[in-house]
Amino acid sequence: MMQYGDRTKIPQLKKLWKACFADEDAYIHDFFEAMYENEHVLLEEEKGC
């Protein structure tokens, strides 16, 4: 299922980012604080993941 971003998904998105790129938590946090906007994010979920 495709949907626009949802701030409640940020913890899951940060976890995925960390698994894929191994960036430091502070960098990931700062990125989401500065750049994340629901209308610029598309999420695809399957079985809640």
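We use all heavy atoms of the structure for the numbers below, so side chains are in, but hydrogens, waters and symmetry mates are not.
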Is any side-chain heavy atom of [X] closer than 4.5 Å to a side-chain heavy atom of [Y]?
X: Glu37; Y: Met35; result: no
X: Met2; Y: Leu43; result: no
X: Leu13; Y: Tyr36; result: yes
X: His29; Y: Lys14; result: yes

Answer yes when Glu45 and Lys9 have at least one side-chain N-carboxylate O distance shorter than 4.0 Å, and no when they do not.
yes
- Query: Thinking salt bridges, do Lys18 and Asp25 make one under a 4.0 Å N-O criterion?
  - Reply: yes
**Prompt:** With a cut-off of 6.0 Å (strictly less than), are more than 12 heavy atoms of other residues, nucleotides or ligands near CD of Glu24?
**Reply:** no
Correct closest heavy-atom pair for Ile28 and Asp23 would be CD1-O, 3.7 Å
In one Ile/Leu/Val/Met/Phe/Trp/Tyr side-chain cluster, 4.5 Å: Val41, Leu16 = no
Taking Phe32 as the starting point, is it possible to reach Tyr27 by hopping between hydrophobic residues whose side chains are less than 4.5 Å apart?
yes
**Request:** Kindly determine whether Tyr4 and Leu42 satisfy side chain to side chain contact (heavy atoms under 4.5 Å, CB included), including the steps that lead there.
**Result:** CA-CA 5 Å; Tyr4 281 103; Leu42 282 176; 4.0 Å; yes
